[in-house]
2 protein chains.
Amino acid sequence: MPSLTYAEENYLKAIYHLSDGGKNNVSTNDLSKEMKTKPASVSDMLRKLSEKEVINYRKYYGVTITEEGKKSALQIIRKHRLWEVFLVEKLMFSWDEVHDVAEELEHIKSPILIQRLDDFLGNPKYDPHGDPIPDEFGDVKARPRLPLNELMVNDGGQIVAVKDSSAAFLRYLDKVGAYIGARIKVLDKVEFDGSLEILVDNKKTLFMSKDVAGNILIMQTS
Amino acid sequence: MPSLTYAEENYLKAIYHLSDGGKNNVSTNDLSKEMKTKPASVSDMLRKLSEKEVINYRKYYGVTITEEGKKSALQIIRKHRLWEVFLVEKLMFSWDEVHDVAEELEHIKSPILIQRLDDFLGNPKYDPHGDPIPDEFGDVKARPRLPLNELMVNDGGQIVAVKDSSAAFLRYLDKVGAYIGARIKVLDKVEFDGSLEILVDNKKTLFMSKDVAGNILIMQTS
DNA sequence: ATATTTTTTTAGTATAATCTAAATCACTAT
DNA sequence: ATAGTGATTTAGATTATACTAAAAAAATAT
């Protein structure tokens with residue numbers, strides 16, 4: 001694995017995510033939006049990442065991630081998500097506070113640290129947002145999942161992840177008790193605007209817009 | 001507190017240590033040795049640290065640390081030592097493995113992270129090498145301590161710290177059972193070379209050169 | 001007291017990551 | 001088929017950290 005600088009790691013991670021795990025091409029402009037840098041800076045970085053052979057770069061046509069690059073990206077993601085578990089489970093961070101800190105911690109370079117952190121946490125398979133944690137070889141146990149708004153009336157399941165991890169959205173979910181792991185059932189669907197009536201943990205019912213429901217991912221069980 | 005870059009933090013920490021907590025002047029050459037950079041690079045950095053008012057710098061005459069600088073340095077040291085406790089107590093690192101990783105972790109910028117880490121660890125007062133952990137205001141609870149080789153025959157006490165934290169030295173201590181907290185008593189002193197016969201934890205006796213003993217710090221109890 | 005040595009600083013160069021402005025390429029719409 | 005628009009790259013500048021070589025200041029030794 002080529003050694004990457006802090007900034008290179010961040011670009012590579014962004015490419016991995018924007019390409020949906022390496023499936024799609026990513027454009028310079030999209031990357032510049034994601035990284036909050038100018039397109040000119042992105043071009044420069046792409047040249048460097050391409051020299052290190054973690055991406056395939058053809059000028060003016062965007063990039064794809066290489067197999068090597070995918071491995072590197074998955075290791076960074078592994079570290080990020082393990083640290084998130086640590087922050088939430090051991091240090092009592094709420095799940096909307098962890099992202100920025102994990103963003104820094106993920107760059108600490110020490111394989112033994114990550115291995116021991118993983119053991120200390122009990123080798124978790126999912127992070128606090130429900131996203132799968134790659135193992136040391138980069139293998140991911142993905143759960144089948146679909147957006148809550150695609151369920152039919154009377155369909156039930158468990159919340160396994162959220163698409164939008166913004167602090168505002170996570171605080172909203174906290175307020176209504178929609179945690180990862182919560183069991184939900186669709187009681188009713190309003191045809192007019194697609195909003196839903198939901199039963200949470202067999203206790204509380206709540207109303208939810210189609211937009212919100214679209215950002216909640218469900219593992220269907222009925 | 002002025003915001004410092006990664007490199008600036010490392011220089012400031014080195015200045016704090018080399019000046020023995022701000023008591024002495026530190027020369028460009030000493031700093032360049034400590035930082036493993038060239039004197040020219042040090043001069044550059046001193047100019048910058050001086051602009052941020054964390055050191056007093058008079059060209060050709062070395063530097064002293066300011067009150068502001070001392071506060072910043074103590075916060076970095078606090079973070080370093082708390083992470084060392086975490087690594088040893090929670091992640092089962094041995095005390096000779098922790099330094100380099102803590103060297104990276106100490107630069108993570110998040111006041112809330114450090115506060116919660118401190119609580120999670122039970123607000124420890126000393127790190128695994130016996131060095132005191134500054135509190136959030138920079139206050140340090142120093143224990144009175146003297147080098148083992150300065151004890152007289154029949155003097156006893158507890159090992160509270162080590163001066164030399166090199167991996168080799170720490171492994172040696174591990175081997176002979178001389179942990180932080182171990183109770184020791186001086187059974188005999190060889191006049192010729194200053195070497196010592198030591199009783200450890202009322203169980204084991206061992207022989208130790210004056211050099212080794214000089215690097216072990218004792219809180220005397222008898 | 002001056003010459004020599006050592007220490008420190010300055011000047012100029014290099015790499016990494018960013019920027020702005022200008023140039024160039026690709027795509028779209030007639 | 002080409003003009004115009006938008007995306008992308010290149011060129012040149014900036015900041016941070018390091019380097020080497022040369023100059024300058026301080027310390028030392030006769």
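Chain naming here is simple, since letters A, B, ... match the order of the sequence lines and numbering starts at 1 in each. Since the structure is predicted, the reported quantities are computational estimates derived from the model, not experimental observations.
Among A:Lys13, A:Arg47, A:Lys52, the single residue meeting the salt bridge (charged side-chain N to carboxylate O under 4.0 Å, His left out) criterion with A:Glu8 is A:Lys52.
As judged by a 4.0 angstrom heavy-atom cut-off over every strand, B:Ser41 is placed among the base-contacting residues. Nucleic acid contact class of B:Ala7 (heavy atoms, under 4.0 Å, all strands): sugar-phosphate only. Residue-level contact check: B:Tyr6 touches neither bases nor backbone, having no heavy atom under 4.0 Å from any strand. Within 4.0 Å of B:Ser43, counting heavy atoms only, lies at least one base atom of the nucleic acid. Across all strands, B:Tyr57 comes closer than 4.0 Å only to sugar-phosphate atoms, never to a base (heavy-atom distances).
Aromatic ring orientation, B:Trp83 versus A:Trp83: perpendicular (interplanar angle above 60°, classes split at 30° and 60°).
Rounded to an integer number of Å, the gap from A:Asp30 CG to D:dA7 P is 10 Å. Across the protein-nucleic acid pair, A:Leu4 atom CG and C:dT15 atom C1' stand 16 Å apart, rounded to whole Å. For B:Lys38 and C:dA14, the NZ to C1' distance is 16 Å, given to the nearest whole Å. Rounded to an integer number of Å, the gap from B:Asp44 CG to D:dT20 P is 14 Å. Distance CE (A:Met45) to C1' (D:dT8): 17 Å, rounded to an integer number of Å. Atom pair B:Tyr11:OH and D:dA16:C1' shows a separation of 11 Å (rounding to whole Å applied). In this structure, the CG atom of B:Leu46 is 16 Å from the P atom of D:dA16, given to the nearest Å. Here D:dA11 presents its C1' atom at 13 Å from CZ of A:Arg47, a figure rounded to the nearest Å.
A cation-pi arrangement is absent between A:Lys90 and B:Phe86, since the terminal nitrogen or guanidinium carbon is not both under 6.0 Å from the aromatic centre and inside a 45° cone about the axis.
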What protein N or O atoms touch nucleotides 23-29 of chain C N or O atoms at under 3.5 angstrom, if any, and at what distances?
{"from": "C:dA26", "atom 1": "OP1", "to": "A:Tyr61", "atom 2": "OH", "distance (Å)": "3.4"}

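When each of A:Thr5 and B:Thr28 is assigned the nucleotide of DNA chain C with its nearest heavy atom, B:Thr28 is the one assigned upstream, toward the 5' end.
Here the nucleotide nearest the side chain of B:Ala40, chosen from C:dA11, C:dT18, C:dT8, is C:dA11.
Listed pair B:Asn29 / C:dT6 fails the phosphate criterion, with no side-chain N or O lying under 4.0 Å from OP1 or OP2.
Within 6.0 Å of NZ on B:Lys210 lie no more than 12 heavy atoms contributed by other residues, nucleotides or ligands.
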Quiz item: Given the rule in the side chain to side chain contact (heavy atoms under 4.5 Å, CB included) test, do B:Leu31 and B:Met45 qualify, once you have shown the distances and angles that lead to the verdict?
Solution: CA-CA 11 Å; B:Leu31 214 36; B:Met45 185 54 88; over 6 Å; no
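Two residues are said to be in side-chain contact when any heavy atoms from C-beta on lie closer than 4.5 Å; B:Tyr11 and B:Thr37 meet this criterion.
Taking B:Trp95 as the reference, nothing meets the ring pair (Phe, Tyr, Trp, His ring centres under 6.0 Å) condition, with sequence neighbours excluded.
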